[in-house]
Amino acid sequence: MTSLDVPTIVLMAAISSGTMAIVLLAAQRSFPAGVDGLGWWALASLCFMVGRLLTWLRPMPLPDWLGVLGANGALFLAMGFCLAGTQIFYGRRPSWWLVHLAWIGGLAGLAWWLWIEPDMAKRIVLFSVIYLLMQGALLATIARHGEHHFSSWFFGGLVMIQVVVLGARAIGFALPSTDPNALNVTYLATGNIMSLMLAVGFMTVAIHRLQTLLEQRANLDPLTGALNRRGFTEKYLHEVARMQRDRQALAVLSIDLDFFKAINDRHGHGMGDKVLVHVTGVIRQALRATDDVARFGGEEFIVLLPRTSVELAQLVAARVQTLLREADGGVLPRCTVSIGIAGQDETGNGLDALLTRADLALYRAKAEGRDRVALASGELTSSQAPAAAAVAVSAAPG
């Protein structure tokens, strides 16, 4: 069986890089906002393809400015676009100064040791050092901003391999006792494959980001950004498991805007949507970082309060109403909310029963005048007598 020689590997790497550029461009067009940098990686793959093709054609009578400077310049730009695309992906400002310094300074040095003081070993050392610095910046970006996930570790591991290979190549050519041919063959064999693998590594983190975004969107209300019923159920099940383990209680608030239909009828549904977004923000201000708010449709919101007694839930409900009254909605119409409260301990009957009890308390708050807080039937606080278990707790000012 005939083994693959280096020129064949270089040609295959060029073809693969061109193919990967098409894949990345297709991903850029189909992936949603939030998965950024794919276009720069597609451009990097095209530059890799150009650089590898010029390297493969170098045995032909190409002029030095094209065969040497053109090939290496394309590879410098490819690595720069990889770095910039990764930084954009992680929401960082691209280090364009480093990219331009690398390819301009690199080409200037290569031109010096190509025409002024011809020295192939120094050209290889210079290329390896510049490439190593850019790979190091890429690795630092992944290490600092990458998620603790297999995709980031895989991507970072591929870059680390490149760093090791480039470091060995630079040191090897700087030492007179090293066999340069063996080092060059090793670099060309691994480097051409790794240029493709780096794009694969970036695609793994991009696909993980896509999965995360899709999961988040599946759990969020598109208008307000609050959880939807599916997301709330997942949060509730997670908290119930912890509640049963730690023997702690939780509470929910069932919140409904008062006279919301009148707001829509008088000001239009567009204004009604703005009111919903405004109310969601006000509710969030009253909550802790561990609490969650969900929109169950229309003007109904449910708040999950882990490790919270009914007494504390009453304070949260009163704070929601106070903040809503004090909030400056600008041109938005003023609005109030009615709130029903239900609590659950480790012996509770599940989410449906809990929400039903909270909704019944909400209906009572509505029936008793709106802009009120009511406790679910059977909920007792330390300040209440048993006969007052089902009375509404007025939260109206004054």
Side-chain angles (χ1 to χ4, degrees), residues 13-14 17 20-21 24 37-55 58 64-90 92-117 119-145 155-156 158-174 183-184 187-188 190-192 194-199 201-202:
S17 294
M20 182 55 70
L24 289 163
L38 288 162
W40 290 108
W41 270 86
L43 188 56
S45 293
L46 288 176
C47 290
F48 275 127
M49 180 187 71
V50 172
R52 298 311 180 194
L53 283 176
L54 290 175
T55 301
R58 194 173 297 171
D64 287 340
W65 65 267
L66 181 60
V68 177
L69 298 185
N72 288 288
L75 296 178
F76 284 147
L77 286 176
M79 196 60 245
F81 293 147
C82 288
L83 174 60
T86 304
Q87 291 171 330
I88 292 172
F89 175 81
Y90 288 120
R92 316 308 299 175
R93 179 176 297 179
S95 300
W96 290 118
W97 64 271
L98 178 60
V99 175
H100 296 315
L101 181 64
W103 77 267
I104 294 175
L107 288 183
L110 292 176
W112 178 271
W113 282 308
L114 178 64
W115 291 314
I116 308 302
E117 296 181 10
D119 192 322
M120 180 178 178
K122 289 183 179 178
R123 291 203 309 269
I124 291 177
V125 170
L126 175 64
F127 174 88
S128 300
V129 168
I130 292 176
Y131 221 63
L132 176 62
L133 290 175
M134 300 185 74
Q135 292 275 6
L138 177 60
L139 183 61
T141 301
I142 299 170
R144 185 173 181 181
H145 305 291
F155 187 28
L158 293 175
V159 179
M160 179 64 75
I161 293 173
Q162 278 277 68
V163 168
V164 172
V165 171
L166 287 165
R169 188 186 190 218
I171 295 173
F173 272 90
L183 281 173
N184 224 24
Y187 165 75
L188 290 174
T190 58
N192 284 280
M194 291 305 299
S195 64
L196 172 64
M197 291 302 296
L198 285 180
F202 179 75

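Residue numbers start at 1 and run along the sequence shown.
Annotation for Met49 and Ala14: closest pair CG-O, 3.2 Å, computed over non-hydrogen atoms. Taking every heavy atom of both residues into account, Cys47 and Ala74 meet most closely at CB-O, 3.4 Å. For the pair Thr55 and Ala71, the tightest heavy-atom approach, listed with the atom from each and the gap, is OG1-CB, 3.9 Å. When all heavy atoms of Gly156 and Leu139 are compared, the pair lying nearest together is O-CD1, 3.5 Å. Taking every heavy atom of both residues into account, Trp40 and Gly85 meet most closely at CB-CA, 3.7 Å. Taking every heavy atom of both residues into account, Gln87 and Pro94 meet most closely at OE1-CA, 3.1 Å.
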With side chain to side chain contact (heavy atoms under 4.5 Å, CB included) as the test, would you mind laying out the steps for Val68 and Arg123 before giving the verdict? CA-CA 10 Å; Val68 177; Arg123 291 203 309 269; 4.2 Å; yes
May I have the step-by-step check of side chain to side chain contact (heavy atoms under 4.5 Å, CB included) for Phe76 and Tyr131, ending in yes or no? CA-CA 7 Å; Phe76 284 147; Tyr131 221 63; 4.3 Å; yes
Phe81 and Ser45: CA distance, side-chain angles, deciding distance, side chain to side chain contact (heavy atoms under 4.5 Å, CB included) verdict: CA-CA 9 Å; Phe81 293 147; Ser45 293; over 6 Å; no
Run the side chain to side chain contact (heavy atoms under 4.5 Å, CB included) test on Met79 and Leu138 for me, step by step, so that the C-alpha distance in whole Å, both residues' side-chain angles and the decisive distance to 0.1 Å come before the verdict. CA-CA 9 Å; Met79 196 60 245; Leu138 177 60; 3.5 Å; yes
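In this structure, CG in Leu114 is found 4.5 Å from CG in Asp64, a value given to the nearest 0.5 Å. With rounding to the nearest 0.5 angstrom, the CE atom of Met134 is 12.5 Å from the CD atom of Gln162. To the nearest 0.5 angstrom, Trp65 atom CH2 is 12.5 Å from Leu107 atom CG. Residue Leu54 holds its CG atom at 9.5 Å from CG of Asn72, rounded to the nearest 0.5 Å. Rounded to the nearest 0.5 angstrom, Trp41 CH2 and Leu24 CG are separated by 8.5 Å. Residue Arg58 holds its CZ atom at 12.5 Å from CG of Leu53, rounded to the nearest 0.5 Å.
At a threshold of 4.5 Å between non-hydrogen side-chain atoms, the residues Ile88 and Arg93 do not count as touching. Counting heavy atoms from C-beta on, the side chains of Leu75 and Phe127 come closer than 4.5 Å. Proximity of Gln135 to Leu198: side-chain heavy atoms (C-beta onward) are separated by under 4.5 Å at one or more points.
Applying the side chain to side chain donor-acceptor pair (under 3.5 Å) test to every pair with at least one member in residues 97-111, sequence neighbours left out, gives these pairs: His100-Trp103.
Other residues, nucleotides and ligands contribute over 12 non-hydrogen atoms within 6.0 Å of the CH2 atom of Trp115.
Contacts of Leu126 classified as side chain to side chain contact (heavy atoms under 4.5 Å, CB included), with partners at least two apart in sequence or in another chain: Leu110, Trp113, Ile130.
The side-chain contact (heavy atoms from CB on, under 4.5 Å) with Met194 is formed by just one residue from the set Leu158, Val165, Val159; it is Leu158.
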